[in-house]
Amino acid sequence: MAFAGAALGFERSARVKRRARLLSALCAALGVMAEEISLLRTPLPELFAQLAERGPEETRSFFAGLSAADGSPLSERWSACADALPLADEERETLRALGLSLGRYDAVSQCAHIEHTRALLQHMTDQARSERDGKAKTYVGLGLSLGAMLAVILL
């Protein structure tokens, strides 16, 4: 029983850590996107393919989904790929909003929206890191305590 409680605590702790890493990787990928669009005027399909291949590891499946041309509008693909990420609702909605402007406006406007989204996600990354640092050990401790209490009760 104690092991089951500990496993629960470790799983919750790992989820918080994964979310912080994913948000950080998304911020890095958005930085690359803004640079590529503003400096090189890289077309979005090519940019998505590059990020799917060489972008931050945590974001490669997201960009691979975007680079798969299935005939649907970019905003719909972006939204579907954002929905597949293990993020909180507010984080997912922030990312989803960016997909509404990509490919619709000039490079300057797109970069401005990317940088705005990146700033919001960076703030959320900082919050996730704070949660990770403050709560990860708590989750493990609570899991161990819960498991120990159940073991005592059942004995």
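Quantities reported herein were computed from a predicted structural model and do not represent experimental measurements.
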Quick one: pull up [atom1] in [X] and [atom2] in [Y] and give me the separation to the nearest 0.5 Å.
| X | Y | atom1 | atom2 | value |
| --- | --- | --- | --- | --- |
| C111 | Y105 | SG | OH | 14.5 Å |
| M124 | T117 | CE | OG1 | 9.5 Å |
| R118 | T125 | CZ | OG1 | 10.0 Å |
| S75 | L98 | OG | CG | 11.5 Å |
| S24 | L121 | OG | CG | 10.5 Å |
| C27 | Q122 | SG | CD | 4.5 Å |

*Which atom of S67 lies closest to which atom of A52, heavy atoms considered*: OG-CB, 4.4 Å
*asked:* Looking at every non-hydrogen atom in both residues, tell me the closest pair between S101 and H113 and how far apart they are.
replied: OG-CG, 3.3 Å
Give every donor-acceptor pair under 3.5 Å between a side-chain atom in residues 84-93 and any protein atom, sequence neighbours left out.
| residue | atom | partner | partner atom | Å |
| --- | --- | --- | --- | --- |
| D89 | OD1 | R92 | NH1 | 3.2 |
| E91 | OE1 | R19 | NE | 3.1 |
| E91 | OE1 | A88 | N | 2.8 |
| E91 | OE2 | R19 | NE | 3.0 |
| E91 | OE2 | R19 | NH2 | 3.0 |
| R92 | NE | A82 | O | 3.4 |
| R92 | NH2 | L85 | O | 2.9 |
| R92 | NH2 | L87 | O | 2.5 |
| E93 | OE1 | R96 | NH1 | 2.4 |

I'd like to check [X] versus [Y] (side-chain heavy atoms, cut-off strictly below 4.5 Å). Are they in contact?
| X | Y | result |
| --- | --- | --- |
| L51 | F62 | no |
| L102 | I114 | yes |
| L47 | F63 | no |

Quick one: list whatever passes side-chain hydrogen bond (donor to acceptor under 3.5 Å, both in side chains) with [X], sequence neighbours left out.
| X | result |
| --- | --- |
| H116 | none |
| R104 | none |
| S109 | D106 |

Solution key, residues 31-45 side-chain donor-acceptor pairs under 3.5 Å, sequence neighbours excluded:
| residue | atom | partner | partner atom | Å |
| --- | --- | --- | --- | --- |
| E36 | OE1 | T42 | OG1 | 2.5 |
| S38 | OG | A34 | O | 2.9 |
| S38 | OG | E35 | O | 3.4 |
| R41 | NH1 | I37 | O | 3.3 |
| R41 | NH1 | S38 | O | 3.1 |

*Sorted by first residue and then second, give each salt bridge (charged side-chain N to carboxylate O under 4.0 Å, His left out) pair with at least one member in residues 43-61; sequence neighbours left out.*
E57-R60
*Counting distance only, does the side-chain N/O of W78 pair as donor-acceptor with the main-chain N or O of P73 below 3.5 Å?*
no
